[in-house]
Amino acid sequence: MSGHRRRPPQRSGRGRRATQQKRWIDYPRRGRTGPRRWLPSIRQLLALLLLFLGGTTAAVGYAYATVTIPDPNPTTLLQNNVYYWSDGTVLATDGSVNRQNVSLAQVPKDVQGAFIAAENASFYTDPGVDPQGILRAVVHMARGDSVQSGSTITQQFVKNTYLDQSQTLSRKFKELLISSKIGASMSKQEILQGYLNTCYFGRQANGVQAAARMYYGLPVEKLDAGQGAFLAAAVNEPSLFQYADSDPTARSRAEARWSWVLDRMVKTGILTPQQRARYTAAGFPAPRKWTPGSGLTGQTGYLVQLARSYAQTHDRTITDSSLSRGGYQIHTTFDRKRTTELARAVEAVRKRRLDPAHRPVDRNVQVGAASVEPGTGRILAVYGGPGFDRAHYSDNADTSGVPVGSTFKPVVLAAALRHGAVLQPGEPPAPITPASKFNGDDGIKIKDQQGDYVTDDKDPTGLLHQRNDTTQRWGYISLRKAMEQSVNTPYVQLGEDIGYRNVANTAQALGLRPGSLAAPSAGFYIGTSTPSAIRMAGVYATFAASGLQASPYSVTKVTHNGSTLPGFTAPAPVRALPTAVADNVTDVLRGVTERGTGTKAQALGRPAAGKTGTTDDYRSAWFIGYTPQLSTSVLLFREDPKHPELQSMAGVGGLRKVFGGDIPTEIWTRYMRDALASLPIAPFPAPAPLGHGTDQPGAPSPSPSPSPSATPDKRPGKIDKRTTATPAPGAPTPRTKCRGHRCR
């Protein structure tokens with residue numbers, strides 16, 4: 001053998017490549033040619049998938065950790081205010097958004113269940129998002145089946161409350177993240193409540209309470225499962241379902257969807273098959289007729305205005321700003337039927353008596369009226385004018401500036417019966433009864449309590465010569481007779497003898513506000529004061545209630561966002577007059593309707609008491625009358641909207657003189673006949689004797705009568721009167737709108 005060692009074999013080029021260091025990512029793949037070189041391996045695909053899932057999870061986790069629940073959209077915080085008639089039905093709503101939030105406890109369980117069955121059957125078990133639900137909705141839509149929402153109730157709540165309605169991927173992603181956080185931080189009850197309060201149902205109704213009102217005229221508490229199923233169906237297509245009352249296509253779609261919701265309620269265990277069958281038998285709960293944009297028409301605007309003013313006066317937290325944000329539910333005393341009857345009576349008499357097209361003086365004639373319940377003070381009805389929708393915004397029933405004329409005389413009589421009158425200077429007040437006699441002649445001079453004549457700068461003599469409507473020489477007549485025939489001079493002299501302070505205090509005790517009372521003057525006693533029709537109806541209601549005065553009020557209850565506000569209990573009646581005094585005033589006022597200036601009221605067909613009133617140059621005419629159950633005032637005046645001052649009504653209705661015993665009494669009678677039709681005829685209490693009264697010095701036969709109901713003087717007289725006293729300096733003459741409690 002040779003001594004040479006053998007050399008090791010040389011490696012090929014391929015072997016050298018195999019020994020080279022491997023790459024971290026074998027891509028493009030080694031050892032592959034053509035397209036296979038670019039196809040990833042199974043391990044590479046799995047690695048990419050894991051990497052994607054890990055990255056996505058990290059990104060979502062980061063987004064979830066950093067995203068915050070935003071503040072609710074300002075529009076979702078807006079609600080409207082709802083005003084209710086005394087029977088609980090809706091009177092009106094105001095505000096930019098028709099929404100009234102309710103608690104979940106107010107929504108019946110079956111109604112809650114209808115929404116859950118229709119929108120999110122797994123609501124109480126899912127975490128706020130439901131991927132399966134989204135896929136299921138896509139499959140249903142692809143098959144052409146009934147439309148189902150791909151969003152959970154939580155997601156819809158988030159979209160309605162915190163986000164906008166845009167259909168972008170970023171908005172949807174944000175919705176999912178916030179929904180997950182909401183699902184973890186809020187209870188299911190809170191979420192469902194928020195959802196029901198923010199859904200849009202069509203008919204401008206936001207939230208289930210507004211929807212219940214708009215579709216069925218009911219509060220949500222009174223909905224049944226069938227009606228709840230309709231509302232749950234309406235959420236899906238509100239723009240179509242809102243016309244289900246009138247459009248055949250909308251109704252057909254609504255019926256089909258409603259039936260599907262009921263089936264879902266059975267499937268999810270909310271209804272039994274037997275319960276479902278009852279709703280099938282009852283039939284489709286068709287919504288009531290909808291008239292878009294009805295607004296504050298007719299008397300509605302005046303009623304809302306009254307209620308708002310009363311609420312703001314009695315709760316200082318209720319401001320214009322807070323009302324603009326809504327959420328108030330204001331329950332009123334207003335009687336729907338009587339309000340309709342009052343408006344109907346006014347319009348019927350206007351149509352019959354006035355002819356503005358052919359008689360220019362009949363233009364701009366206005367009416368105001370109010371009804372108050374004796375003993376309680378509840379304002380049952382008002383007539384404020386033709387309506388907001390006819391550009392008449394000033395409430396004629398709640399306005400100041402129209403003198404009340406001789407309707408103020410009963411206040412003077414009540415003060416006299418209570419306080420007596422100083423008939424001789426320096427002597428104590430003498431007792432007065434309706435039988436007391438005073439000089440009723442026209443043009444007599446008036447003395448004050450010191451025995452001095454009352455002055456008048458406009459009279460050539462410098463002294464006041466009080467005028468009546470006629471020059472008839474009445475002589476000394478009883479206060480009863482002077483009231484019946486509306487003779488001025490006895491009541492002007494009586495007022496001076498009582499004293500301004502006693503009369504003013506009596507007026508305030510009866511419910512008149514100090515700011516509406518005229519300054520001291522002879523004319524004060526025959527009606528230069530300017531209280532509202534509501535307040536005057538309240539004064540006469542006190543007579544009807546035998547002296548118990550209940551301040552007229554219009555609101556019984558106010559809630560805000562479901563919480564009842566304090567301070568709206570009914571005013572407690574207080575004794576303003578002794579029973580004997582009030583009942584004797586009523587007895588005198590019965591004579592006005594039986595044989596005096598208010599005999600047109602006899603057409604009522606039941607016992608009534610009242611008083612007419614007319615002022616200088618016929619600038620206003622009143623009739624205020626009452627039965628034991630109802631007190632109503634009616635005033636008539638003429639005012640050019642372009643020149644806000646009272647104008648003469650001479651010639652109105654073709655009458656040379658316009659008295660309270662004519663058109664106002666006709667309106668009063670027509671209305672009261674309808675308003676009292678369902679009530680029994682009630683007698684007035686018999687007045688208690690007042691004892692002996694005293695006559696004015698100079699009366700020819702000073703023989704006071706002990707009986708307050710003595711046979712009245714049968715001397716004939718004119719049908720009405722005219723208050724000729726000049727308004728006192730400082731007396732309120734321009735007609736100004738009342739604010740708050742000052743006019744009611």
Side-chain angles (χ1 to χ4, degrees), residues 104 107-126 130 132-134 136-137 139-141 143-157 160 188 191-193 195-203 205-216 218 220-245 247-288:
L104 191 61
V107 184
K109 290 289 186 182
D110 286 348
V111 176
Q112 297 178 35
F115 285 89
I116 292 172
E119 295 295 314
N120 184 189
S122 63
F123 169 70
Y124 279 108
T125 58
D126 65 43
D130 183 13
Q132 291 182 349
I134 296 173
R136 186 169 55 249
V139 171
H140 274 272
M141 286 188 288
R143 291 176 178 175
D145 295 339
S146 295
V147 178
Q148 287 182 276
S149 172
S151 300
T152 63
I153 283 177
T154 304
Q155 287 175 256
Q156 294 181 63
F157 166 60
N160 294 339
K188 290 292 186 178
I191 293 170
L192 183 58
Q193 175 178 300
Y195 165 76
L196 292 173
N197 282 326
T198 55
C199 283
Y200 180 66
F201 291 85
R203 296 194 175 190
N206 293 272
V208 69
Q209 177 74 298
R213 296 287 187 188
M214 295 301 291
Y215 283 97
Y216 294 110
L218 296 171
V220 68
E221 296 93 330
K222 295 187 178 181
L223 293 181
D224 60 30
Q227 294 162 331
F230 173 86
L231 294 183
V235 167
N236 205 259
E237 295 183 272
S239 60
L240 178 67
F241 280 34
Q242 65 185 350
Y243 298 110
D245 62 309
D247 181 78
T249 301
R251 180 174 178 122
S252 176
R253 292 271 293 276
E255 285 194 46
R257 177 75 177 174
W258 168 77
S259 181
W260 177 84
V261 173
L262 289 176
D263 290 341
R264 289 283 300 165
M265 293 174 73
V266 174
K267 188 173 181 178
T268 54
I270 296 165
L271 293 180
T272 65
Q274 294 75 19
Q275 291 171 321
R276 168 71 171 90
R278 287 204 299 271
Y279 288 109
T280 302
F284 175 66
R288 66 177 186 170

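We're numbering straight along the sequence, starting at 1. In what follows, every heavy atom counts, from backbone to side chain, and hydrogens, waters and symmetry copies are set aside.
Counting only distance, with no hydrogens or angles, the side chain of Trp258 and the backbone of Ala233 share no donor-acceptor pair below 3.5 Å. Remark: side-chain polar atoms of Glu255 are not paired, donor with acceptor, to backbone N or O of Ser252 under 3.5 angstrom. In this structure, the side chain of Tyr216 engages the main chain of Pro285 through a donor-acceptor pair within 3.5 Å. A donor-acceptor distance shorter than 3.5 angstrom exists from the side chain of Thr272 to the backbone of Gln275, with no hydrogens or angles considered. The main-chain N or O of Tyr195 is never found under 3.5 Å from a side-chain atom of Gln156 such that the two would form a donor-acceptor pair.
When each of Thr152, Asn120, Thr154 is paired with Asp126, the side-chain hydrogen bond (donor to acceptor under 3.5 Å, both in side chains) condition holds for Asn120 and for no other. Exactly one residue among Ile191, Leu196, Asn197 makes a side-chain contact (heavy atoms from CB on, under 4.5 Å) with Gln193. That residue is Asn197.
Side-chain atoms of Arg253 and Thr249 include no donor-acceptor pair closer than 3.5 Å.
Salt bridge present: Asp245 and Arg203 bring a charged side-chain N and a carboxylate O closer than 4.0 Å.
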Chi angles and distances behind the side-chain contact (heavy atoms from CB on, under 4.5 Å) call for Phe201, Gln242: CA-CA 8 Å; Phe201 291 85; Gln242 65 185 350; over 6 Å; no
Stepwise side-chain contact (heavy atoms from CB on, under 4.5 Å) check, Val107 with Val208: CA-CA 9 Å; Val107 184; Val208 69; 4.3 Å; yes
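Across Pro238 and Gly202, no two heavy atoms sit closer than the pair CB-N, 3.4 Å. When all heavy atoms are compared, the tightest approach of Ala229 to Met265 is CB-SD, 4.4 Å. Ala232 and Phe115 get closest at one heavy-atom pair: CA-CE2, 3.6 Å. Of all the heavy atoms in Ala118 and Arg257, the pair that sits closest is O-NH2, 4.2 Å.
Side-chain contact between Arg276 and Ser259 is present, with at least one heavy-atom pair separated by less than 4.5 Å.
The six-membered or imidazole ring of Phe284 lies near that of Phe230, with a centre-to-centre distance under 6.0 Å.
The CZ atom of Arg264 sits 12.5 Å away from atom CG of Leu271, with the distance rounded to the nearest 0.5 Å.
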